[in-house]
2 protein chains.
Amino acid sequence: MTGIDEVARATGVSTATVSRALRGLPNVSETTRAAVRRAADELGYVASSSASGLASGRTLAMGVVVPSVSRWFYTSVLEGVDAELRSASYDMILFNLGGHRGDRERVFHRSILRKRTDALLALCLDFTADERHQLASIAHPTIVVGGPVKGLRSVGIDEKGTARTATEHLIQLGHCDIAHLGGEDEEGLNKQVPIGRLHGFQAAMRDAGLPVRPEWIIPGGFSLPESRAAMNALLDRAGPRPTAVFAGSDEMAMGAILAAYDHGLRVPDDLSVIGIDNHDFAESFGLTTMAQDPFDQGAVAARILLDELGGAEPRTRSVRMPASLIVRSSTAAPAAVPALA
Amino acid sequence: MTGIDEVARATGVSTATVSRALRGLPNVSETTRAAVRRAADELGYVASSSASGLASGRTLAMGVVVPSVSRWFYTSVLEGVDAELRSASYDMILFNLGGHRGDRERVFHRSILRKRTDALLALCLDFTADERHQLASIAHPTIVVGGPVKGLRSVGIDEKGTARTATEHLIQLGHCDIAHLGGEDEEGLNKQVPIGRLHGFQAAMRDAGLPVRPEWIIPGGFSLPESRAAMNALLDRAGPRPTAVFAGSDEMAMGAILAAYDHGLRVPDDLSVIGIDNHDFAESFGLTTMAQDPFDQGAVAARILLDELGGAEPRTRSVRMPASLIVRSSTAAPAAVPALA
DNA sequence: TTGAAAGCGATACCAA
DNA sequence: TTGGTATCGCTTTCAA
């Protein structure tokens with residue numbers, strides 16, 4: 001592998017100058033810089049990340065911690081983070097918790113402390129006191145996407161407000177019997193997200209003077225199959241059925257739609273369904289939803305970290321990103337009751 | 001940040017011994033090792049990856065190149081790779097090409113040469129001659145998942161054979177008018193995958209003496225929305241309609257199912273649909289499919305690289321992984337024609 | 001604008 | 001089994 005001294009030799013300058021020239025630092029004559037660049041290209045020289053990391057104290061890599069990589073929201077954020085890192089020539093080190101409980105330790109103890117990364121971006125995680133302490137002690141810029149998280153700034157939508165708007169959409173259409181498909185999330189993930197959505201639902205119902213039936217608040221695990229099963233179970237029960245469902249995510253909403261089909265119900269005629277996300281499949285399903293843009297959220301979060309690594313003043317406040325209603329064909333006024341709007 | 005010499009001082013041994021003790025190398029008395037471990041824990045010491053990388057020449061990180069992170073197959077492979085890396089205490093550096101054309105250069109020139117990684121695992125990529133040369137010149141263990149790729153070993157299913165089996169399933173049910181929803185992939189991705197599947201389809205049709213109508217071979221871009229649109233276009237056309245569709249992936253198959261619904265067709269009564277993958281949603285869609293296990297494929301590929309990094313003999317041959325038919329409710333005999341089976 | 005030389009924090013060889 | 005020390009390849013003062 002070509003080393004810096006070979007480039008220096010080829011150019012007739014010192015290694016110090018080569019280093020400066022290649023990194024675009026000032027105080028290098030343009031002629032020298034050009035010569036160095038050419039030589040480096042010809043020799044195929046690229047600085048070793050270990051060596052420069054050791055010498056400079058910066059790895060030019062960002063750690064990204066994800067709960068899993070198989071959910072639309074996470075991968076979309078990842079794409080956004082990636083786009084931003086790319087533009088800054090930063091590499092991404094991906095820590096996938098993927099249900100492996102004990103693995104958090106790997107991230108917090110081994111990797112961060114190993115100085116493999118310059119900063120850390122976490123998705124939808126909740127941190128233990130110990131972990132938060134760990135993070136603080138390293139003076140590593142850190143941020144969370146899909147918050148909020150106690151003691152850390154985050155980037156994300158207003159969970160409660162978004163859920164409220166979704167629910168109000170159904171109420172305005174004239175629905176009174178509304179179920180909520182919620183996302184009971186796994187241990188260690190940020191429970192504030194599903195909880196915020198539940199609270200928004202309850203608040204909207206309360207404000208409209210509508211009853212919230214406990215048995216109509218069912219867990220969908222943020223997944224289509226689980227939601228479909230849960231919704232089917234609800235529809236199987238004797239007694240009155242809801243005329244609408246507010247699902248805490250589009251994937252769950254799709255599960256609800258399929259469950260409606262399973263029961264021979266038409267959407268939106270017999271059952272209205274609204275979700276949150278604007279998932280890639282939402283349009284295909286004709287799904288009315290509260291659209292958010294996780295790509296953007298990831299990009300914004302990454303940009304904040306990069307700016308701070310670049311010397312910018314740390315921003316302490318969280319960033320609230322927008323969410324907006326997109327009406328498609330999965331919601332309509334209930335069959336018997338005329339719309340109020 | 002705690003350094004190795006602080007641990008050495010605290011323990012009363014040399015840094016050399018600390019290094020050996022912590023890495024589990026032989027020739028360290030158990031008493032010493034225990035003492036060192038304890039001191040390291042107390043001080044919160046973890047070796048700097050830059051420093052050890054520089055000194056040892058190994059980064060304990062693997063580069064993983066993905067075309068994008070928003071397709072089920074890729075993320076599933078990623079989970080498998082991750083599981084294997086985790087067990088070996090390797091970190092994952094994720095290079096997401098994500099449609100950013102020029103970005104391949106980043107991977108092949110900057111990152112690999114920068115020695116940020118010890119090995120490289122690529123998903124469904126096709127390499128240019130230059131890139132292949134680049135890879136070879138670094139003596140970096142490399143492998144591809146979702147091949148085959150000229151000049152590189154790969155891990156993947158028998159594309160053609162799998163497609164043939166899928167098509168034969170439809171033929172055995174009595175279908176003669178079969179369309180193929182194919183995956184015209186993007187530039188730079190491995191075209192062998194969609195091409196292999198197309199060839200398998202054609203071969204099965206030919207062997208059965210069935211005609212292949214060019215206008216019934218339509219591109220679905222490996223995506224649900226695109227496939228739904230393409231399928232809708234096909235169903236819109238005047239003239240005879242196919243009674244069955246072989247989709248090159250489950251996501252495309254789902255698009256076909258939704259298109260059938262768009263046209264008021266019932267599945268499987270009016271249209272049978274089969275896919276490839278056994279996607280997370282396949283069961284919910286009642287989709288008959290050729291199941292493959294990308295998680296496993298990723299794990300196997302990662303294991304091969306890790307073994308070689310551990311000193312194992314390089315394996316030169318590609319690995320063929322299994323795929324098997326799962327019959328669900330999206331396929332049945334055509335309405336008019338009785339099943340042959 | 002450039003060069004010389006001192007680290008950065010581990011690893012690995014050679015002695016002991 | 002352990003310690004001393006050269007070394008990995010670059011960055012970064014400090015001088016020139």
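Since this is a predicted model, take the numbers as computed values, not measurements.
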Next item on the list: Using side chain to side chain contact (heavy atoms under 4.5 Å, CB included) as the criterion, point out the one residue from V13(A), L25(A), N27(A) that pairs with R20(A).
Entry: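 Answer to the side chain to side chain contact (heavy atoms under 4.5 Å, CB included) test with R20(A) among V13(A), L25(A), N27(A): L25(A).
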
Notebook entry, point to check: With V18(A), which of V28(A), V7(A), T32(A) fulfils side chain to side chain contact (heavy atoms under 4.5 Å, CB included)?
Noted result: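 With V18(A) as partner, side chain to side chain contact (heavy atoms under 4.5 Å, CB included) holds for just one option, V7(A).
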
Whole angstrom value for the distance that separates [atom2] of [N] from [atom1] of [X]:
| X | N | atom1 | atom2 | result |
| --- | --- | --- | --- | --- |
| R9(A) | dC10(D) | CZ | C1' | 15 Å |
| L54(A) | dA6(C) | CG | P | 17 Å |
| E6(B) | dG9(C) | CD | P | 10 Å |
| I4(B) | dG7(C) | CD1 | P | 19 Å |
| D5(B) | dG4(D) | CG | C1' | 14 Å |
| N27(A) | dT12(D) | CG | P | 14 Å |
| L25(A) | dT1(C) | CG | P | 12 Å |
| R20(A) | dG9(D) | CZ | P | 21 Å |

For [N], does either OP1 or OP2 sit under 4.0 Å from a side-chain N or O belonging to [X]?
| X | N | answer |
| --- | --- | --- |
| Y45(B) | dA10(C) | yes |
| S14(B) | dT2(D) | no |
| T17(A) | dG3(C) | yes |
| S29(A) | dT2(C) | yes |
| R33(B) | dT1(D) | no |

Looking at [Y] and [X], is there a salt bridge between them, counting it only when a charged N and a carboxylate O are closer than 4.0 Å?
| X | Y | result |
| --- | --- | --- |
| E30(A) | R33(A) | yes |
| R303(B) | D307(B) | yes |
| E159(A) | K191(A) | no |

Check: Roughly how bent is the helix from dT1(C)-dA16(D) to dA16(C)-dT1(D) end to end, in steps of 10 degrees, with each end axis from five pairs?
Finding: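 Result, rounded to 10 degrees: 30°.
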
Nearest to the side chain of [X], which nucleotide is it out of [options]?
| X | options | result |
| --- | --- | --- |
| T32(B) | dA10(C), dG3(C), dT1(D) | dT1(D) |
| V28(A) | dT2(C), dG9(D), dT12(D) | dT2(C) |
| A55(A) | dC10(D), dT1(D), dT1(C) | dC10(D) |
| S48(B) | dT11(D), dG4(D), dA10(C) | dA10(C) |

Answer whether the closest heavy-atom distance between the side chains of [X] and [Y] falls below 4.5 Å.
| X | Y | value |
| --- | --- | --- |
| L78(A) | V64(A) | yes |
| L120(A) | M62(A) | no |
| Y90(B) | D118(B) | yes |

Next item on the list: Between V18(B) and A51(B), just flag the one whose closest nucleotide in DNA chain D comes earlier from the 5' side.
Entry: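 Closer to the 5' end of DNA chain D: V18(B).
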
Margin query: Categorize S50(A) for me: base, sugar-phosphate, or nothing, with a 4.0 angstrom heavy-atom threshold over every strand shown.
Written below: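 Counting heavy atoms under 4.0 Å across all strands, no contact is made by S50(A).
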
